[in-house]
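Note on naming: letters A, B, ... go to the chains in the order of the sequence lines (proteins, then strands), and numbering restarts at 1 for each one.
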Amino acid sequence: QKEVEQNSGPLSVPEGAIASLNCTYSDRGSQSFFWYRQYSGKSPELIMSIYSNGDKEDGRFTAQLNKASQYVSLLIRDSQPSDSATYLCAVNIPGDYKLSFGAGTTVTVRA
Amino acid sequence: DVKVTQSSRYLVKRTGEKVFLECVQDMDHENMFWYRQDPGLGLRLIYFSYDVKMKEKGDIPEGYSVSREKKERFSLILESASTNQTSMYLCASSFPGQGEETQYFGPGTRLLVL
């Protein structure tokens, strides 16, 4: 079982809709969770971090964490063409300095 | 703003050449990482360093070595480049504490080995 799994894409959503991305992780001891956005040919950039159960909102992005169910999700509201990218979920490895990354979900926002 | 820079955006080398990729960060981060990213394989950790002169192997260290002589600089060395090392190489840095594991990435180096 992979440490971090993301729903397979690609995910195509119309402009203005909500894009929903899911991520599950295997280590119950993980405490830190991150969403990165990566445009084609570019490097990952952090868009959200979340550490506590519940929702965290930042502009059009909302991260949701449920440690009991071991999943973290990202909602993109009012999706724009500029949101078209690959989104990587990352989870800390307890007792280590490293992050475990998911394979990514590619989102395409169609006008 | 955290800034992580990499020495080259694009690099073309020949099989058998020794290749140096450099990464510099300006945030006084203890941890630095080297990844490669290939289509369908995601991010794979090559090496990381948690302090000057300290290093640990990641998931795919074969064919690579690293050097960290100064806190801000982490170099990846391909001792004898091979075509299967053609890839996007990403450097990242972070603080060491729990809750501070956010990794900040450099722009990447796209390496082509002919």
### Distance flag, aromatic centroids of A:Phe101 and B:Tyr35, threshold under 6.0 Å
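Here the rings of A:Phe101 and B:Tyr35 have centres that are less than 6.0 Å from each other.
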When clusters are formed by joining ILVMFWY residues with side-chain heavy atoms under 4.5 Å apart, either directly or through shared neighbours, do [X] and [Y] land in the same one?
X       : Y       : result
B:Leu43 : B:Tyr47 : no
A:Ile76 : A:Leu11 : yes
B:Leu90 : B:Leu78 : no
A:Leu75 : A:Ile50 : no
A:Tyr25 : A:Tyr87 : yes

### side chain to side chain contact (heavy atoms under 4.5 Å, CB included) between B:Phe48 and A:Asp96, worked out
CA-CA 11 Å; B:Phe48 78 101; A:Asp96 204 333; 4.1 Å; yes
### A:Leu46, part contacting chain B, at a heavy-atom distance under 4.5 Å
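The side chain, not the backbone.
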### Message
Taking side chain as everything from C-beta outward and backbone as N, CA, C, O, which of these in A:Gln38 sits under 4.5 Å from a heavy atom of chain B? Side chain, backbone, both or neither.
### Response
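Looking at A:Gln38, just its side chain touches chain B.
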### Query
Do B:Glu101 and A:Gln31 meet the criterion of a side-chain donor-acceptor pair at a distance under 3.5 Å?
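Short answer, no.
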Answer with side chain, backbone, both or neither: which region of [X] has an atom nearer than 4.5 Å to a non-hydrogen atom of chain A?
X       : value
B:Glu30 : neither
B:Leu41 : neither
B:Arg9  : side chain

Drop me the distance from [X]'s [atom1] to [Y]'s [atom2], to the nearest 0.5 angstrom.
X        : Y       : atom1 : atom2 : result
A:Leu88  : B:Gln37 : CG    : CD    : 6.5 Å
A:Lys42  : B:Met88 : NZ    : CE    : 8.5 Å
B:Thr102 : A:Leu99 : OG1   : CG    : 7.5 Å

### Query
Between B:Phe105 and A:Tyr36, what is the ring plane arrangement, given parallel below 30°, perpendicular above 60°, and tilted in between?
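B:Phe105 and A:Tyr36: perpendicular rings.
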### Query
Quick one: of A:Ser49, A:Pro94, A:Gly95, A:Gly41, who has the most non-hydrogen atom pairs under 4.5 Å with chain B?
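The option with the most such pairs is A:Gly41.
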### Query
For the residue pair A:Ser43 and B:Pro107, what are the closest heavy atoms and their distance?
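Closest approach of A:Ser43 to B:Pro107, heavy atoms only: OG-CA, 3.7 Å.
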#### Entry: Shortest non-hydrogen contact from B:Phe33 toward A:Tyr97
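Nearest heavy atoms, B:Phe33 then A:Tyr97: CZ-O, 3.6 Å.
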